[in-house]
Amino acid sequence: MDTKGMLEKAYKDYGIDEKLLKLAEQAETDLHDIFGRIENRAEIGQLKVLNAFHENRVSEADFVKTTGYGYDDGGRDRLEKVFASVFKGEDALVRAQLISGTHAISTALFANLRPGDELLSPCGKPYDTLDSIIGLNDAAGSLKDYGVSYRQVDLNDDYSFDYENIRKAINDKTALVEIQRSRGYAQRPTFSVYKIGELIRFIKSVKPDLKVMVDNCYGEFVEEMEPLEAGADIIVGSLIKNPGGGLAPIGGYIVGNADMVEKSAYRLTAPGLGKEIGANLGVNKDLFQGLFLAPQVVAGAQKGAVFAAYILDKLGFEVNPGPFDERSDIIQAVDFHSPEGLIAFCEGIQAAAPIDSFVRPEPCDMPGYDSQVIMAAGNFISGASIELSCDGPMREPYTAFFQGGLTWYHAKAGILTAVQKLFEAGIVQ
Ligand SMILES: *Cc1c(COP(=O)(O)O)cnc(C)c1O
């Protein structure tokens, strides 16, 4: 038997139906050019990271664990310089003490807004967990609670920016604009860095000193350029997504304008202390190595997303983005229009996870989310959505948001298992 035959047998032994394997083979043939482009971008990203390591002279001494106050933590400081180089910012705050993406966003917003200021979202309602930060649900301790108001301009029906109303929404109080690159859980496309650049140029033409923050979650390394290169003042994201490469055990980043990063550090620790303190607790090597692997991991996740889009589209589901569309994040949305479809798909993703493959995901309430959510993930790092994972709010159109995969091979196996579950549940013939 040749290796191709052996591979087919391995998938059959693993429980994947012959017909589905044929569809997978067709997918890989038809997606050849797209996969090639994804790999080219991964190589560009790899060189970008490698250059940043060289420029900043990363050495083994940077992996030393520090504890307590963490004064003179050279490795931590160097990691921040490397992030600043990769993402083209003046400075960076990259810390284990930034607990999550939401925490990084919250830190940057509170740091750079003052009572009487107004925050503007020019692209509709932001990610669900920002509701409490902004105060949309009157949460205690929100920006609203501190006297920071909020204004939002929804997208046009065709998901383009509503430039006229954005112009009208910008006023004397507007101090910060938040642009979310990834679609998150919303029914709208992800914005490319190019599109974000156009929006930023428009905003700055209306009010030149207005600062722009981009929520960069899930977008890192998907395109050749990052939002700071398109005119953003700061970008914010999570290390248990793309830029942690699957190795970062915790953390978030804030990169960009030096003054805004400094204010963020004052907010995270204390005024006067800022970036000077904060022990690395031994995570430095994983953060450096995770960033080093990130371009390759993100490429694997993207190939998985494209592959899933192709197969589920062929099976008659609505997929967003389509398999041949340009991408700016690693998220793939699939509308199942039934709780059973969403649940069966998530069960398959869970069954293919390296960890906790034997548990069954169930819909439940989640802090920060306004409807029940089903989540499938069997992760090395708890909650890391750069690992193969799938989640969806239990509401019409029962969309599965699928992302991640530490390797392309695992992403492929996971998707095939999930589709196999759809067959077995009688949801597809
Ligand atoms: C994941 C995500 C967040 C929040 O990150 P957490 O680490 O889950 O808190 C914010 N915005 C977007 C677009 C995201 O995808």
Side-chain angles (χ1 to χ4, degrees), residues 87-89 101 105-106 108-109 112-114 116-131 133-136 143-144 148-220 222-237 254-257 259-260 320-322 324-329 331 333 399:
F87 292 104
K88 309 286 189 294
I105 292 168
S106 178
L109 289 176
N112 290 288
L113 289 160
R114 295 290 176 272
D117 284 349
E118 189 161 275
L119 171 67
L120 171 67
S121 170
C123 34
K125 191 175 127 15
Y127 197 70
D128 280 359
T129 59
L130 268 72
D131 287 8
I133 300 170
I134 294 167
L136 296 179
L143 287 167
K144 186 179 173 194
V148 175
S149 57
Y150 170 74
R151 201 177 282 253
Q152 165 181 319
V153 178
D154 289 332
L155 297 169
N156 292 318
D157 290 339
D158 63 355
Y159 301 118
S160 59
F161 301 125
D162 183 350
Y163 283 111
E164 214 25 66
N165 281 315
I166 292 170
R167 184 199 302 279
K168 286 185 197 149
I170 296 172
N171 59 60
D172 289 349
K173 291 166 56 179
T174 316
L176 190 69
V177 173
E178 201 250 10
I179 299 172
Q180 183 180 309
R181 177 175 177 180
S182 172
R183 57 180 296 167
Y185 280 163
Q187 294 292 332
R188 58 109 162 142
T190 290
F191 302 128
S192 67
V193 172
Y194 180 81
K195 269 243 164 90
I196 290 172
E198 281 184 336
L199 177 58
I200 294 172
R201 274 194 300 283
F202 176 78
I203 286 165
K204 302 234 174 194
S205 77
V206 178
K207 189 171 178 182
D209 61 343
L210 189 46
K211 295 286 186 264
V212 176
M213 174 183 116
V214 173
D215 171 357
N216 207 30
C217 282
Y218 285 131
E220 300 91 348
V222 175
E223 294 185 74
E224 302 80 15
M225 284 210 337
E226 297 289 344
L228 292 176
E229 297 166 80
D233 295 288
I234 46 168
I235 56 171
V236 181
I254 300 170
V255 183
N257 175 290
D259 174 59
M260 294 176 81
N320 193 343
F324 300 102
D325 292 346
E326 286 296 325
R327 287 169 189 253
S328 191
D329 68 8
I331 298 190
T399 305

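On a predicted model such as this, the values are computed, not experimentally measured, just so you know. Only this structure's heavy atoms are used, side chains among them; waters, hydrogens and symmetry mates stay out.
- In this structure a side-chain-to-backbone donor-acceptor pair under 3.5 Å is missing from Arg183 to Thr190.
- Here Asp154 contributes atom CG and Asn165 contributes atom CG; the two are 9.5 Å apart, rounded to the nearest 0.5 Å.
- Applying the ring pair (Phe, Tyr, Trp, His ring centres under 6.0 Å) rule to Phe324 yields no partners; only residues at least two apart in sequence or on another chain are considered.
- Within the 3.5 Å criterion, the main-chain N or O of Thr174 finds a donor-acceptor partner in the side chain of Lys207.
- Surrounding NZ of Lys195 are at most 12 heavy atoms belonging to other residues, nucleotides or ligands under 6.0 Å away.
- The structure places CD1 of Ile134 at 11.0 Å from OG of Ser149, a figure rounded to the nearest 0.5 Å.
- Salt-bridge check for Glu226 with Arg181: passed, with a basic side-chain N closer than 4.0 Å to an acidic carboxylate O.
- Between the side chains of Ser328 and Glu223, at least one donor-acceptor pair of N or O atoms lies under 3.5 Å.
- Distance alone, capped at 3.5 Å, is enough to place a donor-acceptor pair between the Gln180 side chain and the Tyr127 backbone.
- Atom CD1 of Ile235 and atom CG of Asp215 lie 10.5 Å apart (nearest 0.5 Å).
- Pro321 pairs by the side chain to side chain contact (heavy atoms under 4.5 Å, CB included) definition with Asp325, Arg327, Gln332, not counting sequence neighbours.
- Ionic pairing of Lys204 and Asp209 is not present here: no N-O contact between side-chain nitrogen and carboxylate oxygen is shorter than 4.0 angstrom.
- For the side chain to side chain contact (heavy atoms under 4.5 Å, CB included) criterion with Val236, the lone passing option out of Leu109, Ile105, Asn216 is Ile105.
- Put simply, the side chain of Cys217 does not reach to within 4.5 Å of the side chain of Ser182, judged on heavy atoms.
- Distance check, rounded to the nearest 0.5 Å: CD1 of Ile179 to CG of Leu199 gives 4.0 Å.
- For Asn171, the CG atom sits in a packed shell: over 12 heavy atoms of surrounding residues, nucleotides or ligands are nearer than 6.0 Å.
- Checked against salt bridge (Lys or Arg N to Asp or Glu O under 4.0 Å), Arg151 has the following partners two or more places apart in sequence or in another chain: Glu118.
- Using modelled atom types, no side-chain atom of Asn257 and backbone atom of Ile234 make a donor-acceptor pair closer than 3.5 Å.
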Verdict with reasoning, Gln187 to Thr399, per side-chain hydrogen bond (donor to acceptor under 3.5 Å, both in side chains): CA-CA 9 Å; Gln187 294 292 332; Thr399 305; 3.1 Å; yes
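- A distance of 9.0 Å separates OG in Ser121 from CD1 in Ile166, rounded to the nearest 0.5 Å.
- Relative ring orientation between Phe161 and Phe191 is described as tilted, the plane-to-plane angle lying within the 30° to 60° band.
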